Every structure is written in C-alpha cells, then in structure tokens.
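Below is one structure, written out as structure tokens; comments come after it.
Sequence positions, counted from 1, serve as the residue numbers for this chain. This is a predicted model, so every value here is computed, not measured. Just so it is clear, the values below take in all heavy atoms, side chains as well, and ignore hydrogens, waters and symmetry mates.
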Amino acid sequence: MSDSVTAGPAAWVNLPDLSEKLGVSISKVHQMIRDGHLLALKHDGVRQVPAELVANSTVLKHLPGILTLLRDAGYNDEEALRWLYEPDPTVDGNPALGLGGDRAREVKRRAQALGF
C-alpha cells in the first residue's frame, strides 16, 4: 500500500443521521459496525461513516464482504478506509466509488488478492 495521502471520502454521515437514512435504530447501526458490515471512524471528533458507502437507504451490497476481505488481510479500519479511497481510475476513481457502480466485481477481486 502506498503511503501517499489519499483524497478520502467526499462527505461523512454521523451515526444518528445514518440511522434515519437507513430506517433502522441507532442500536442497529452500532451492531452493523460491530459485525463489520459498515466502516465508521472518528472524523472531526465524531464517529462517522463515509457517505459513499451508503447508497439510497442501504449499505453498498458488496461492502460487508470487502471489509471482511480487508480485515482477513490484516487491515485495521483506518487502513481499510485508506485502501477504499486510494486513487485508482480503473475502478471509477477509487475502490469505494467502484463498489457503487459496475466495477464492484473488480474491486472485490483486488481485495481478495490482498490476502495472498
């Protein structure tokens, strides 16, 4: 992984707002984070989720699997975030954006390769 500074998420969503957007309780959002289905980090002193990882009223379909693959490869949450936002024009700008489009399979393949 490169030590270069990445652009990072374009926007962040705090957990109460995410709860409302997903139509679930705040407890369910915390459970999703604990279960590894969602990535939340402290941003501006508040635990937040990158907005690109949530489409409409649901978490991106392949995100939980990608997070599992990254954790299995030894990535912590900050490293996973860095990997998701590492610039890569071949997957719609970065893996996080690629997950929301037709490049999700390629992003998943690359995450699988990290474990080897």
Side-chain angles (χ1 to χ4, degrees):
M1 180 181 303
S2 169
D3 288 332
S4 65
V5 176
T6 61
W12 294 84
V13 181
N14 66 40
L15 301 187
D17 290 346
L18 182 61
S19 167
E20 187 175 314
K21 182 174 184 170
L22 295 176
V24 298
S25 69
I26 190 72
S27 297
K28 178 66 175 171
V29 171
H30 286 284
Q31 185 67 45
M32 292 169 74
I33 294 166
R34 278 192 303 274
D35 290 346
H37 297 189
L38 199 53
L39 183 66
L41 293 165
K42 282 202 175 198
H43 178 72
D44 293 335
V46 178
R47 202 165 179 207
Q48 298 183 20
V49 173
E52 293 94 349
L53 302 181
V54 181
N56 302 319
S57 62
T58 185
V59 174
L60 292 180
K61 178 181 177 181
H62 298 286
L63 181 63
I66 294 291
L67 293 176
T68 298
L69 290 168
L70 293 175
R71 288 184 180 113
D72 287 351
Y75 285 60
N76 64 31
D77 287 349
E78 289 180 13
E79 292 166 334
L81 181 78
R82 198 173 313 129
W83 185 85
L84 284 166
Y85 286 93
E86 186 71 31
D88 187 344
T90 64
V91 289
D92 298 336
N94 62 47
L97 295 175
L99 280 176
D102 60 350
R103 300 288 188 189
R105 183 174 293 186
E106 176 62 16
V107 172
K108 191 172 184 179
R109 186 194 65 73
R110 291 180 187 189
Q112 288 171 330
L114 294 172
F116 296 101

Who passes side-chain contact (heavy atoms from CB on, under 4.5 Å) against [X], sequence neighbours left out?
{"X": "Asp72", "answer": "Thr68"}
{"X": "Lys21", "answer": "Val54"}
{"X": "Asn76", "answer": "Glu78, Glu79"}
{"X": "Ala55", "answer": "Leu60"}

Are [X] and [Y] connected in the hydrophobic side-chain network, where two residues link if heavy atoms are under 4.5 Å apart?
{"X": "Val13", "Y": "Leu97", "value": "no"}
{"X": "Val91", "Y": "Leu114", "value": "yes"}
{"X": "Val24", "Y": "Ile26", "value": "yes"}

Mind checking salt bridge (Lys or Arg N to Asp or Glu O under 4.0 Å) for [X] and listing every partner two or more places apart, or none if nothing turns up?
{"X": "Asp35", "result": "none"}
{"X": "Glu106", "result": "Arg109, Arg110"}
{"X": "Arg71", "result": "Asp77"}

Report yes if some heavy atom in the side chain of [X] is under 4.5 Å from a heavy atom in the side chain of [Y]; otherwise report no.
{"X": "Asn94", "Y": "Leu84", "value": "no"}
{"X": "Trp83", "Y": "Ile66", "value": "yes"}
{"X": "Glu52", "Y": "Tyr85", "value": "yes"}

Subject >> Pairwise salt bridge (Lys or Arg N to Asp or Glu O under 4.0 Å) hits with a residue in residues 39-48, at least two apart >> reply: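 Sorted result for residues 39-48: empty, none.
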
What's the shortest heavy-atom distance between [X] and [Y], and which atoms?
{"X": "Gly98", "Y": "Asp92", "result": "CA-OD2, 3.9 Å"}
{"X": "Arg34", "Y": "Ser27", "result": "NH2-O, 4.4 Å"}
{"X": "Asp88", "Y": "Thr90", "result": "OD1-OG1, 2.5 Å"}
{"X": "Pro50", "Y": "Leu81", "result": "CG-CD1, 3.6 Å"}
{"X": "Ala104", "Y": "Leu99", "result": "CB-O, 3.8 Å"}
{"X": "Val59", "Y": "Leu38", "result": "CG2-CD1, 3.8 Å"}

**OP:** Enter the distance from Leu39:CG to Leu70:CG here, rounded to the nearest 0.5 Å.
**Re:** 9.0 Å

Subject >> Glu20 CD: over 12 foreign heavy atoms closer than 6.0 Å >> reply: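 Open.
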
Original post:
According to the side chain to side chain donor-acceptor pair (under 3.5 Å) rule, which pairs have a member within residues 54-65, sequence neighbours left out?
Top reply: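 Residue pairs with at least one partner in residues 54-65: there are none.
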
Subject >> Partner residues of His37 under the side-chain hydrogen bond (donor to acceptor under 3.5 Å, both in side chains) criterion, sequence neighbours left out >> reply: none

Subject >> With sequence neighbours excluded, residues passing side-chain hydrogen bond (donor to acceptor under 3.5 Å, both in side chains) with Gln48 >> reply: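 For Gln48 there are no side-chain hydrogen bond (donor to acceptor under 3.5 Å, both in side chains) partners, ignoring immediate neighbours.
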
Subject >> Any pair counted as ring-ring contact (aromatic ring centres under 6.0 Å, His included), so long as it reaches residues 88-114, sequence neighbours left out >> reply: none

